[in-house]
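Chain naming here is simple, since letters A, B, ... match the order of the sequence lines and numbering starts at 1 in each. All values below were derived from every heavy atom in this structure, side-chain atoms included, with hydrogens, water molecules and symmetry-related copies excluded.
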Amino acid sequence: MQHDEEMVAAAIKGDRLALQHLLKDEKEKLYRMAFTYVRNEEDAIDIFQQTVLQAIESVHQVKEAAYFSTWLTRICINKALALLKKNKKLIVLDELEERKAPTDSMDIAQQLDMEKALGLLPEKYKTVLMLRFYQDFTVKQIAEFMECPEGTVKTLIHRGLAMLKRDLKGVYADEWQREFN
Amino acid sequence: MNGKENSIKQALEKIEVPEARLDAIIEESFWETAAAPVKVKRRNRWMPAVATVVLVAGISAATLSAAPALANYMAQLPVIGNVFSIFAENKHGVAAFDQFSEDVGLIQTSNGITISIDEAIYDGTKLTFTYQVASEAPLDSSAYLSSFPELLEADGPTGGMQSEVIDGVIAGIAEITHLDEDAEVVNVVWEPQVLFTEEKAIAGDWKFEFAVKQLAQKPITLDEKVSSDGVTVHLQELTITDIAVNIAYQQLVDPAIVEAGNFVEAELIAGDDLGNVYRMPFNGGSTPGDALTAEDFEWTASLRGLDPNASILTFYPFGHISGPAIDPKRVEFDALEFNLKEGTHRLIQDPDIPEPPPFE
């Protein structure tokens with residue numbers, strides 16, 4: 001999301017009202033990303049709240065206004081991953097149950113929609129796909145964000161899409177997937 | 001199901017967003033961080049009051065150009081002098097502010113935008129003031145004013161602001177946390193730069209400087225210690241002002257807890273004999289120079305909106321020990337009961353700690 005640079009600059013300088021407006025602009029994306037990691041509203045809200053608090057406390061560390069969204073996204077993802085790590089056993093059980101049910105019914109494509117399928121991907125694939133296709137980051141931006149080579153990002157996107165395709169039994173095919181085939 | 005419907009972006013956008021809850025979290029977070037700034041581990045005691053000169057209404061002649069017609073219009077608004085009441089529903093204890101605040105009465109106009117500062121109050125922990133912003137044309141509900149006020153005595157912005165647009169005029173309230181019970185006066189500088197609306201940003205040349213006297217206070221020595229699980233809470237002093245009850249306390253932590261890389265935060269909740277329960281957000285803390293461990297923070301916490309009919313107030317200390325290698329652990333202590341009529345106190349062993357009230 002492109003923000004008014006003047007407002008971001010004001011927020012970085014300590015203008016709390018400006019930051020409040022920016023966070024309200026970003027709230028939907030932050031919440032949806034958090035939800036995709038944890039798959040329940042309470043944990044997603046918890047991540048959102050932690051993201052907001054950290055943003056308030058450390059917005060002065062943003063070096064350039066253009067990086068505000070990237071910086072905020074990083075906080076959100078880090079908070080989500082930290083929560084997943086803390087609740088690792090619980091998540092594994094949930095995944096097993098979710099993966100088991102469609103197999104029993106023999107029709108994964110009818111039972112697993114895209115949002116769920118994305119939520120069940122390993123974190124690194126989930127992260128890279130959300131950054132690319134939800135936050136509209138370029139491959140280069142994702143590489144900077146994840147501190148890895150652009151080639152690695154392309155590989156992760158390709159494999160992530162392949163996993164989605166497998167989980168959705170081939171019903172997933174859009175312009176972004178073709179881009180990487 | 002076609003490819004477009006299956007796109008990742010559209011899938012995520014189908015996730016329902018609890019917008020009202022998220023907005024409330026954002027707003028609460030700003031108020032919470034205003035009331036309880038990040039604890040700073042410094043080795044000095046509270047910063048002394050720096051300014052000794054009162055800058056009462058120190059505005060320059062160049063900025064005293066409020067359009068008489070607009071100033072007159074603002075003076076006739078029903079919210080004038082009563083901005084505290086607008087926020088009373090959302091801010092516990094704010095309703096009483098109107099009774100005890102000082103009139104500031106500063107008005108400045110720039111680029112057709114007039115800003116007035118109406119009333120202010122300082123209780124040794126927090127400065128609160130109200131303001132209004134009016135334009136020649138009514139402002140829409142998206143309007144808000146940029147830039148946060150600061151205290152000359154503070155280390156930078158440590159506050160929050162909240163505003164509403166009523167009848168085309170912004171009515172706002174600002175809070176700046178500043179703990180200095182010895183300061184007779186605090187000095188405020190506010191230089192709003194831009195009025196933002198959804199459609200435009202109007203830059204202006206406003207600058208307000210004013211001083212606010214601290215409310216009268218009555219310090220009462222408590223000097224009681226309660227301990228549990230390697231943490232002691234030393235309840236030191238109670239100060240009762242017209243708008244708040246402030247308590248000073250120190251947490252004393254077993255060095256073994258700190259050496260294991262853990263952090264401790266002792267907090268308080270309070271309840272009165274009428275069944276009211278009050279959150280007591282702390283105003284900030286620092287470690288005194290002679291502390292045994294870096295976690296031996298001295299805190300103050302404030303209760304606002306005390307029921308005037310209450311005669312007994314009980315403080316319930318509790319805390320959390322957390323660290324990279326342990327699950328967070330809650331620690332509870334004996335409570336301290338204070339008789340508001342007689343000014344006496346006593347400890348209560350193993351109290352039933354009440355549930356905190358929901359955030360307002």
A:H21 to B:S142 - nearest heavy-atom pair and separation: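 Nearest heavy atoms, A:H21 then B:S142: CE1-O, 4.3 Å.
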Calculate, to the nearest 0.5 Å, the distance between atoms [atom1] and [atom2] belonging to [X] and [Y] respectively.
X: A:Y31; Y: B:I25; atom1: OH; atom2: CD1; result: 9.5 Å
X: B:Q193; Y: A:K13; atom1: CD; atom2: NZ; result: 7.0 Å
X: B:L22; Y: A:E28; atom1: CG; atom2: CD; result: 8.5 Å
X: A:R16; Y: B:S29; atom1: CZ; atom2: OG; result: 10.0 Å

Check against side-chain contact (heavy atoms from CB on, under 4.5 Å), A:L161 and B:I8: CA-CA 10 Å; A:L161 291 174; B:I8 291 170; 4.2 Å; yes
Residue among A:I45, A:T36, A:L30 with most heavy-atom pairs under 4.5 Å to chain B: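 The option with the most such pairs is A:I45.
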Contact leader toward chain B among A:K24, A:M33, A:R32, where contacts are heavy-atom pairs under 4.5 Å: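 Among the listed options, the one with the most contacts to chain B is A:R32.
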Neighbour count above 12 (heavy atom, 6.0 Å) for A:R159 CZ: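 Counting other residues, nucleotides and ligands, CZ of A:R159 stays at 12 neighbours or fewer.
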Enclosure of A:E42 CD (heavy-atom neighbours >12, cutoff 6.0 Å):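 Yes, the 6.0 Å shell around CD holds more than 12 heavy atoms from other groups.
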Contact origin within B:E13 toward chain A - heavy atom pairs under 4.5 Å: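 Both parts, backbone and side chain.
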A:D136 side chain reached by B:K9 side chain, heavy atoms, under 4.5 Å: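 Side chain of B:K9 against side chain of A:D136, heavy atoms only: contact under 4.5 Å found.
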Under 4.5 Å from a heavy atom of chain B, the part of A:L118 involved: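 Only the side chain of A:L118 comes within 4.5 Å of chain B.
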A:L19, part contacting chain B, at a heavy-atom distance under 4.5 Å: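 The answer is both parts of A:L19.
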Pair A:K27 + B:E19: basic N to acidic O under 4.0 Å: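 Looking at A:K27 and B:E19, the cut-off is met.
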Working for side-chain contact (heavy atoms from CB on, under 4.5 Å), residues A:F35 and B:L12: CA-CA 9 Å; A:F35 187 91; B:L12 264 70; over 6 Å; no
